[in-house]
Structures are given as structure tokens and as C-alpha cells.
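As C-alpha cells, the structure follows; a few thoughts come after it.
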Amino acid sequence: DAKTTQPPSMDCAEGRAANLPCNHSTISGNEYVYWYRQIHSQGPQYIIHGLKNNETNEMASLIITEDRKSSTLILPHATLRDTAVYYCIVSPNAGGTSYGKLTFGQGTILTVHP
Amino acid sequence: EADIYQTPRYLVIGTGKKITLECSQTMGHDKMYWYQQDPGMELHLIHYSYGVNSTEKGDLSSESTVSRIRTEHFPLTLESARPSHTSQYLCASSDHGAAIYNSPLHFGNGTRLTVT
């Protein structure tokens, strides 16, 4: 399964865009990129996922490079409530024994300050 | 809105007690999972199920056991709790429909277990 690398922490000013990078250079052709976040003492919350095209929903945008070796999660107007740990995860190969089992790493601690 | 529920939210119990952590989902999801997370640390998968009567061990060895008798219910049991079991236990579910390769996980808010 492809592993991901994320910076351990980032800061962002309230109202500004938060751009969270993720490196997944060993990703294979049918593996998806998922983003989750975990606010203190709560369960992780799904944000967005994509395969190779850029994706946008009400929470965020996901930009995946053409070679799929890295991606960026964009929170367009960060608020204090966006302070959380953000996890970038690559799904295991479909049909393999690891199918459906997402592996969470250390993630990026995003702190949004006033 | 359909959701995934875990009870209790907090549990403090003495060593040697048997405990069951409850997890239920109302979304009709086939796949369910248990993750364990120590404070400030990574989530580790300890059990998963792909449907009724299906249970598998996860990546992290655990002394707990699980059962899946009904689609919506996936309880986790510790026969004899020990202080080393102190942790947060998170339950999740995901769909097994047409888009099976990209169904996101839906998590409950977890049970924070303390064994004294």
C-alpha cells in the first residue's frame, strides 16, 4: 500500500486559505487519495477523496498533481473550527487483502489563529 | 440523518472486569471497523467485518473480540480489562455498494476507556 508524507504542523490565519500538502509518490494506478480530519476528542470526519481529477465539495477542494505523486487539500476560508489533525490517506489496492482498511498516519496538525 | 453511534462515551472500570463497547449504524453499511487510538497518536485498526458473521483481525494485535450478528451492530468485548487497554476505541462503517472502491469511512465519536 502506498504511504503518505505530511508536514507535522501548519498554521493559518482565520479567513485565509489553508493549503495542506501530501506526498504519495508510490501511489499506484487505482488507488484513491482520501482526506479526513479529526477534531480533538471526536472521531475522524471524512472530507473529500479523488483518483486523478481535482475535486471540490462544500468542505474543501482537492488538487492532485498530474503524476498523482502529491496532492493538496485546500480549505478556502479557514475558520477557528477548522483547527484539527488532517490525515491524507491512500486507499489500498482494490481487490487486495487490505481492501477497505484505511491506514491513518500522524497527519498534519492545522492551527487556525485569529 | 443516519449516523454511527458508540456507547458509552466514557468508561472507567477496574482491572479484571468484562466490558462490551457498543457500536451501531443506521446506514445499512456492510463493512464495519474498530480502531484504537492513544492520546496524540495514530489510529490503529484492530478489527473489521465485511458483513454478517464476518470478522477479521486488524493490523494491530488486540486482546479484544468482536461479533457481527446483525448488519447494524458491531460490539467489541474485553473479557478481562487491564490498564494496558486504556485507550480510545473508534468504530467506523462504510458502504459496499456500486462504488465499493471509494466509499469513505463514517466514524462514531468513540469510547474513551480507562482501566484502573
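A, B, ... follow the sequence lines: proteins, then strands. Residue 1 opens every chain.
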Is there a path of hydrophobic side-chain contacts, each under 4.5 Å between heavy atoms, that joins A:Leu80 and A:Leu75? yes
Chain A-proximal positions within residues 109-116 of chain B [heavy-atom distance under 4.5 Å]: B:Asn109, B:Arg112
Any residue meeting side chain to side chain donor-acceptor pair (under 3.5 Å) with A:Tyr86, in chain and number order, not counting sequence neighbours: A:Arg37
Portion of A:Gln38 that has a non-hydrogen atom of chain B nearer than 4.5 angstrom: side chain
A:Val33 and A:Ile74: same hydrophobic cluster, using ILVMFWY side-chain contacts below 4.5 Å? no
Could you tell me whether the side chain of B:Leu105 reaches within less than 4.5 Å of the side chain of A:Tyr36, counting heavy atoms only? yes
Minimum heavy-atom separation for B:Pro104 and A:Tyr46, please, with both atom names. CB-CD1, 3.2 Å
Proximity breakdown for B:Leu43 and chain A, heavy-atom pairs closer than 4.5 Å: both
Close side-chain approach of A:Thr103 and B:Asp59, heavy atoms under 4.5 Å: yes
Co-membership, hydrophobic cluster, residues B:Leu76 and B:Leu11, 4.5 Å side-chain: yes
So which part of B:Gln37 gets closer than 4.5 Å to some heavy atom of chain A, the side chain, the backbone, both or neither? side chain
Do A:Ile39 and B:Leu90 sit in the same hydrophobic cluster, where Ile, Leu, Val, Met, Phe, Trp and Tyr count as joined when their side-chain heavy atoms come under 4.5 Å apart? no
Got more than 12 heavy atoms from elsewhere within 6.0 Å of CZ, A:Arg16? no
Quick check, are the ring centers of B:Tyr35 and A:Phe104 under 6.0 angstrom apart? yes
Residues of residues 105-114 of chain A under 4.5 Å from chain B (heavy atom pairs)? A:Gly105, A:Gln106
Taking B:Leu21 as the starting point, is it possible to reach B:Leu60 by hopping between hydrophobic residues whose side chains are less than 4.5 Å apart? yes
List the residues meeting salt bridge (Lys or Arg N to Asp or Glu O under 4.0 Å) with B:Arg82, not counting sequence neighbours, and say none if there are none. B:Glu63
Would you indicate whether A:Lys52, at its atom NZ, is surrounded by more than 12 heavy atoms from other residues, nucleotides or ligands within a distance under 6.0 Å? no
